[in-house]
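Since the structure comes first, as structure tokens, the remarks are kept for the end.
Ligands are counted one by one from 1 in listed order, and the atoms in each one are counted from 1 as well.
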Amino acid sequence: MKHLRHLTTFGAFALAALAGVAPTPPAVAKDTPNIIVIMADDLGYGDLSCYGATELKTPNIDRLAQDGLQFNQGYCSASTCTPTRFSFLTGMYAFRQPGAGIAPPNATSLIKPGTETVASLLKTAGYKTGVVGKWHLGLGEGDAPDWNGKLKPGPLEIGFDYCFLMPTTNDRVPSVYVENHRVVDLDPADPLWVGKKRPSPDHPVGSDPEVRKTLKMDWSHGHNQTVHNGIGRIGFFTGGEKARWRDEDLADAWVEKSVAFIEKHQSDPFFLFFASHDLHVPRMPHERFQGTTKLGYRGDAIVQLDWCVGELTKTLDRLGLRENTLIVFCSDNGPVLDDGYQDGAIEKLHEHTPSGIYRGGKYSIYEGGTRTPFITSWPGTIKPGRSDKIVCTVDLPASLAKLAGQSLPAGACPDSFNVLDALLGKDDAQGRDHLLQQPNKGPTLALRVGDWKVLSYADAKPKKHLTYEKGPGKHELYNLSDDPSETNNLAKSKPEKLKELLSQLEEIQSA
Ligand code: NG6
Ligand code: CA
């Protein structure tokens, strides 16, 4: 693959081949900060009070924004989870990798050992690296993860020193924790089985009308297979009774393990990827957060996420690390109300606008799908303010490597731009001049270049619950400076512009 860097003049993309620089041995400059990337799940542009929400309060995240830099044009690279996470770690757009759409329960490792990632780059720079929370990038190899054995390869094989994970999502089985290579608290006498078929006629499933009556949260679509913790899930699993988590306890577990990781590495530089499951469905926050907003569990899950952020910053303050830590706060895709459970998100929405002024949300290539909260905070180094620079989660590998003094090896992180100066709010910093957006799997894609944006719908088969497929060959064109909410499709009135952007999109696709 050729390596795409900043586009200067179109038709002549700067395909700068990267210098083949060998990784330097671990050695960390004293002024290299700790780095924490906090990635929320399904959090929309309008979901935080610092981004204009008035129906709920997120004081801890607001404080990050007040003390740091709040981006008006911060993006994740896709409007679903797996592709955004894939790109965040590898610095490569997920459409380039077959199979990097929403990963199923038995997915095996999508990122192969040997792939340079943000974690491996920082590890080479001497960082202790950890990931806590939602993984959703597959574990193990072969036909399926070896749930009762070693879950390898996984994060530890692509640059992380430590992991404490939920393997896929909170609505996908199995509902267990994984620490490093093993399921936590798995009793060998009660092995874990994960599959696509109901294992026996008496296995409780959400689709059974009698079982359905007993659910603590009913489903609206999908999510009617194995029932665990009174909630129907995607996929079937049996066994591992002692290893199972309760949805209500997940956030506490992420905080506990993250605090332990920070404490353990307080004298090293560390990199922590805090991958919250909030506010992904099933939204079932801890009892102490239930009912704390008028927005139902969706709002309560945002408050729980805000609490997590507060616990992390408190820990840094307590250990005297706050001024030596860069925090990047972002989301993995835009918001969704009904994502398969009847949790009141629609009925209790009040005046709340999860995508802000932007159109669409999760699954969509309209702005609401990928333009999401994005905050950087590093007291004493980042001057507080707001930024109009375009930055994206796919840029974090190149930018954070730069911060740690690492050169990118040849071929690594091909779609990741070094936008470090923009992330740090330096004067005259450049953000991206173009940005590709994808929903789930390609080849439906959008490309933003300056203020122009083209949407290219290429999926052949429309799917029921995914709103983005509009059929092959459909294009839309918007000018975001006049029309940030993408209401005025200029595809017909500006055929030259459309053609120009489509050819640029094609060039990136084939790079
Ligand atoms: C969809 C699920 C949705 C959610 C999504 C992944 C159904 C009907 N819908 O297939 O509930 O799990 O996948 O979300 O099953 S993501 O944020 O992890 O990408
Ligand atoms: Ca998500």
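- Every N/O-N/O distance between His221 and ligand 1 stays at or above 3.5 Å.
- For ligand 1 and Asn333, the ligand atoms under 4.0 Å from any heavy atom of the residue are 17 (O).
- Nearest heavy-atom pair across Ala253 and Phe164 is CB-CE2, 4.2 Å.
- For Asp332, the N/O/S atom at the shortest distance from the Ca ion (ligand 2) is named OD2.
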**Message:** One pair to check against side chain to side chain contact (heavy atoms under 4.5 Å, CB included): Leu151 and Val183. What are the steps and the verdict?
**Reply:** CA-CA 8 Å; Leu151 292 163; Val183 171; 4.0 Å; yes

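- Ligand 1 has Tyr363 within reach: a non-hydrogen atom of the residue lies less than 4.0 Å from it.
- When heavy-atom distances to ligand 1 are checked against a 4.0 Å cut-off, Lys134 comes that close only through its side chain, counted from C-beta outward.
- Considering both main-chain and side-chain atoms, Asp42 comes within under 3.5 Å of ligand 1 through a nitrogen or oxygen pair.
- Interface atoms of ligand 1 facing Asp171, defined by a heavy-atom separation under 4.0 Å, are 3 (C), 4 (C), 11 (O), 12 (O).
- For the Ca ion (ligand 2), the N/O/S atoms of Asn333 include one lying under 3.0 Å.
- For ligand 1, the atoms lying closer than 4.0 Å to a non-hydrogen atom of Asp339 are 3 (C), 4 (C), 11 (O).
- A heavy-atom distance below 4.5 Å is found between the side chains of Trp193 and Pro199.
- When each of Asp41, Asp42, Asp47 is checked for a salt bridge (charged side-chain N to carboxylate O under 4.0 Å, His left out) with Lys362, only Asp42 meets the rule.
- Between the side chains of Thr226 and His203, at least one donor N or O sits under 3.5 Å from an acceptor N or O.
- Judged by distance alone, the side chains of Glu179 and Tyr177 never bring a donor and an acceptor atom under 3.5 Å apart.
- Residue Lys242 qualifies as open at atom NZ: its count of foreign heavy atoms under 6.0 Å is 12 or below.
- Residue-ligand proximity, His136 to ligand 1, at heavy-atom distances under 4.0 Å covers atoms 18 (O).
- Side-chain polar atoms of Arg371 and Tyr45 form no donor-acceptor pair below 3.5 angstrom.
- Looking at heavy atoms from C-beta onward, Met39 lies in side-chain contact with Phe88 at the 4.5 angstrom threshold.
- Proximity of Cys81 to ligand 1 is established by a heavy-atom distance of less than 4.0 Å.
- To the nearest 10 degrees, the Ca ion (ligand 2) sees OD1 of Asp41 and OD1 of Asp42 at an angle of 80°.
- Side chain to side chain, Arg448 and Gln73 meet the donor-acceptor criterion of an N or O pair below 3.5 Å.
- The ligand atoms of ligand 1 that sit less than 4.0 angstrom from a heavy atom of Asp41 are 17 (O).
- Here Ile102 has side-chain heavy atoms under 4.0 Å from ligand 1, and that is the only part of it that gets that close.
- Residue Thr169 has no nitrogen or oxygen atom sitting less than 3.5 Å from a nitrogen or oxygen atom of ligand 1, judged on distance alone.
- In terms of polar-atom proximity, Thr82 is not counted as a contact of ligand 1, lacking any N or O under 3.5 Å from an N or O of the ligand.
- Residue Asn440 does not touch ligand 1, judged by heavy-atom distances below 4.0 Å.
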